[in-house]
Chemist: 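Before anything else, here's the structure in question.
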Amino acid sequence: MAVLNKIRQRSLFLILIIALALFAFVLADLFRNSDALTARSQNTVATINGKEITRDDFLQKVETMQRQMGPNATNTQVMNRVWDGEIREAVLASEYEKLGVTVEKDQMRDLLKTALSGSPEFLNEAGTFDEGKMNEYIANLKNTSDQAYASWVDYEKRVATNALEQNYFNLVKAGLIGTLAEGELEHNLQGNKVDVKYVQVPYSKIPDSTIEVKKSDIKSYIEAHKNEFKVEEKTDIKYVEFKEVATVEDENAIKAVLQKFKEGHVEYNNGRTDSIKAFSNVKDHESYVNLIAGSDSKFDDRFVFKKDLPKSIADTIYKLNVGSVYGPYKDAGAFKLTKVVAAKQLPDSAKVRHILIPHVGAAAVKPEVTQTQEQAKATADSLLSVLKRDRSKFPEFVKAFSSDQGSVDKEGRYDWHPYGTMVPEFNAFEFEGKTGDLGVVKTNFGYHVIEVEGQKEKVKAVQIATISRNIEPSEATIDAIFRDASNFEITANEGDFENAAKEKNYTVRPVNGMKALDENIPGLGNQRPIVRWTFSEEANIGDVKRFTVPNGYAIVQLVARHEEGLMSVEDASATVLPKIRKERKAELIKSRISATSLDDVAAAESTSVRTASAINMKNPTISGAGREPLVVGAAFALKEGETSQLIAGEKGVYIVQVTKVTPAVALDNYQSFANQIETRKSSVVNSKLYNALKEAAVIEDNRAKLQIQ
């Protein structure tokens, strides 16, 4: 009973013990299942001034931006564009929120009216913007296409964002006035002048080798100027590249294949014997080049002038008789065999006018086009019939019927242009006919009614057929390169990277200072996988790994990791050494000069007294010495006839005497100078305001950790 009584007396204590045990159990389970703690961070690409950017939202914007930038933009370029936009939007949004800057409904309507005033689909019969038509257009998008409507919403957001930014920047500019006091100061900075005599003892008089600078000195300088030496996390690597390039044997084999087509040969395929004609005896050149010979460049039936042929073989091919074959020869990374198929005299330039009648399914056709191909042809034939009787109607028909906006304002005309400028069918009509020809030509853009208005300088042109084989490594060569790369990877992993490369006479290339979001590696191009690997937890310093790169392999070793923080002494020494040396040289020069007059200082330092006139504070330059702001400032603090103490300037130690003071002419009003100040302040807002806000923003960037680049 006594025990039970004690338990009852301490029941609160026991409850607390049990609660703590349960809490410890739950906490331990959370740590065992770390995803429960990190789920939020795993889905957050960045936090900018408290605003989170989620992974899904970021990647969706990347996908949209990729479509806008096109296939030539790399994934990293696209992501960086989106990233910059997200930072800008978040940084400025926090400022809008503080100030209560918004775009209201009425302003949004006016913004859209201004932006869309030139779009034909939103104009009424009088040619002015019709808000009803815009609302009808938006309603139609909403009902017919979710994607198109989403694009419209994005467009409205961009318009609103641009307006908010402009409003904010205008507010800042409105507060940047130039006061009369600032105007007077500006006038005096420009107008106050002094004439001086001075002695300069240049730092170059003391050799750098005599100034001892220790690592500890550089480290102290870095600590004292931390903002100048902040660095991101970086990695260093070295690599050996194994390129898959054709050997001499591979090239000889390619030439031997082309030689067979030149001479004719017999092929054995699955028990069947095929006799392949010599290239010179072929009639159907398109089938022979594209199918039988399997050329890497397809047959082109257009004629070419001498200037269009490769310079190295232009003379040779241009002089060949029709039916003759030249080659094999090397050109543009391939071996080629070229035959002259035909020759004729063609004008090198032509002048035409045309009317383009589009139809449904034609290239670059607008949505409002409803004519079928047959209807478009009928329209073109009808116009041709009228024009054959009266060509003066051509400009009228261009305005009424032509869809080629690039030539409508020029009466459908394309002035003098060289052969091959237009699509093949158009080109053939204007160059192979004669001046005055009028006809209908079908291209992938629709039906053209064309009139040839002029042709110039007929010269010889040739039609050629070329069998081309790209110079590429054979399978045997590719296999050998793979074996070499694999063997080097094994050897480098087991021993010293440099020695392993030296034994095989391979070139080792170092790459230092790679950042986590870098994309390009010198010599290898876009290699995000390599960069990611160097920053990953799986990679340790000294590790070696093989990567597939364009046309081969790279065997890469992780050499070093540099943590985020301050620059190392070694990296900073190139910048810091000259500064420390200059400071110490100034101290040495000052310590050895006891003279107080210019003449005595000049005599003691074996130099001369020099003069400089009309020095002003606005442009602190001394004739014969260069830009010296501190020295000029000291001179303006002296009275006429007064001599300064020793001054440590940019290029040496100075002693200065003011010989004449010329004050600026007093003005009744300094408004014009105040206006200069205001204009100058306003002009830097667009270039500097955002960068200042970005510098002050709190940005947590998780892109590298989440490996979304």
Chemist: Do NZ/NE/NH1/NH2 and the carboxylate oxygens of E678 and K681 come within less than 4.0 Å?
Modeler: no

Chemist: Examine Y239 together with F497 and report whether their ring centres are nearer than 6.0 Å.
Modeler: no

Chemist: Got a second to check how far T596's OG1 is from L646's CG, nearest 0.5 Å?
Modeler: 9.5 Å

Chemist: Please give me the minimum heavy-atom distance between V631 and I622, naming the atom from each residue.
Modeler: CG1-CD1, 3.7 Å

Chemist: Looking at Y690, is R88 sitting on its ring face, NZ or CZ under 6.0 Å from the six-membered ring centre and within 45 degrees of the normal?
Modeler: yes

Chemist: I'd like to know if the side chain of E52 pairs up with that of T54 as donor and acceptor (distance under 3.5 Å, no hydrogens or angles considered).
Modeler: no

Chemist: Does the side chain of E95 reach to within under 4.5 Å of the side chain of V172, using non-hydrogen atoms?
Modeler: no

Chemist: Looking only at heavy atoms, what is the nearest atom pair of A602 and V609, with distance?
Modeler: CB-CG2, 4.0 Å

Chemist: Could you go through L638 and V196, starting from their C-alpha distance and side-chain angles, then the distance that decides it, and tell me whether this counts as side-chain contact (heavy atoms from CB on, under 4.5 Å)?
Modeler: CA-CA 10 Å; L638 300 173; V196 300; over 6 Å; no

Chemist: After noting the C-alpha distance and the side-chain angles of E695 and N691, does the key distance pass the side-chain hydrogen bond (donor to acceptor under 3.5 Å, both in side chains) rule?
Modeler: CA-CA 6 Å; E695 185 69 24; N691 288 333; over 6 Å; no

Chemist: What I want to find out is whether E63 reaches R67 closely enough, with some N-O distance under 4.0 Å, to be called a salt bridge.
Modeler: yes

Chemist: Of all the heavy-atom pairs spanning N526 and N520, show the shortest one and how long it is.
Modeler: N-OD1, 3.2 Å

Chemist: Do E182 and F673 have side chains that get closer than 4.5 Å, going by heavy atoms?
Modeler: no

Chemist: Measure across I699 and K694 and return the closest heavy-atom pair with its distance rounded to 0.1 Å.
Modeler: CD1-O, 4.2 Å

Chemist: Between V531 and I521, is there a side-chain heavy-atom distance shorter than 4.5 Å?
Modeler: yes

Chemist: Give a yes or no on whether a salt bridge exists between D217 and R584, defined as a side-chain N under 4.0 angstrom from a carboxylate O.
Modeler: yes

Chemist: What distance separates K219 NZ from L566 CG, expressed to the nearest 0.5 Å?
Modeler: 10.0 Å

Chemist: Are S597 and D600 close enough that a side-chain donor and a side-chain acceptor fall under 3.5 Å?
Modeler: yes

Chemist: Among N669, D668, N675, which residue satisfies the side-chain hydrogen bond (donor to acceptor under 3.5 Å, both in side chains) criterion with Q671?
Modeler: N675

Chemist: Between N686 and K173, is there a side-chain heavy-atom distance shorter than 4.5 Å?
Modeler: yes

Chemist: Just checking, is any N or O donor in the side chain of N162 or Q166 under 3.5 Å from an acceptor N or O on the other one?
Modeler: no

Chemist: Taking it one step at a time, do T102 and E104 satisfy side-chain hydrogen bond (donor to acceptor under 3.5 Å, both in side chains)?
Modeler: CA-CA 6 Å; T102 60; E104 301 299 329; 2.7 Å; yes

Chemist: Taking Q200 as the fixed residue, which of E628, K651, R610 is the one that meets the side-chain hydrogen bond (donor to acceptor under 3.5 Å, both in side chains) rule?
Modeler: R610

Chemist: Test E650 against every option in K579, K582, R627 by the salt bridge (Lys or Arg N to Asp or Glu O under 4.0 Å) rule and name the one that passes.
Modeler: K582

Chemist: Rounded at 0.5 Å granularity, tell me how far OG in S573 sits from CE in M567.
Modeler: 10.0 Å

Chemist: If you define the side chain from C-beta out and look only at heavy atoms, does anything of V245 sit under 4.5 Å from N551?
Modeler: no

Chemist: Rounded to the nearest 0.5 Å, what separates atom CD1 in I53 from atom CD1 in I87?
Modeler: 7.5 Å

Chemist: Taking K545 first and then E489, would you say they form a salt bridge - that is, a charged N and a carboxylate O separated by under 4.0 Å?
Modeler: no

Chemist: Measure the shortest side-chain to side-chain distance between M617 and V632 over non-hydrogen atoms and say whether it is less than 4.5 angstrom.
Modeler: yes

Chemist: Would E186 and R680 count as a salt bridge (charged side-chain N to carboxylate O under 4.0 Å, His left out) here? Give the steps.
Modeler: CA-CA 12 Å; E186 178 72 10; R680 193 158 63 238; 3.1 Å; yes

Chemist: Which pair of non-hydrogen atoms, one from L689 and one from Y168, has the smallest distance, and what is that distance?
Modeler: CD2-CE2, 3.7 Å

Chemist: Considering all heavy atoms of both residues, which atom of A160 and which atom of V103 are nearest to each other, and what is their separation?
Modeler: O-CG2, 3.8 Å

Chemist: Taking the six-membered ring for Trp, are F488 and F242 parallel (under 30°), tilted (30 to 60°) or perpendicular (over 60°)?
Modeler: tilted

Chemist: Determine whether M514 and Q527 make a side-chain contact, defined as any pair of heavy atoms from C-beta on separated by less than 4.5 Å.
Modeler: no

Chemist: Taking the six-membered ring for Trp, are H225 and F229 closer than 6.0 Å centroid to centroid?
Modeler: no

Chemist: I need the I471 CD1 to D331 CG distance, nearest 0.5 Å.
Modeler: 9.5 Å

Chemist: When you check the gap from the basic side-chain N to the acidic O, do D154 and R158 get nearer than 4.0 Å?
Modeler: no

Chemist: Could you check whether any side-chain N or O of E640 sits under 3.5 Å from a backbone N or O of V661, counting only pairs where one atom can act as donor and the other as acceptor?
Modeler: yes

Chemist: Could you check if a side-chain atom of I589 sits within less than 4.5 angstrom of a side-chain atom of I206, using non-hydrogen atoms only?
Modeler: yes

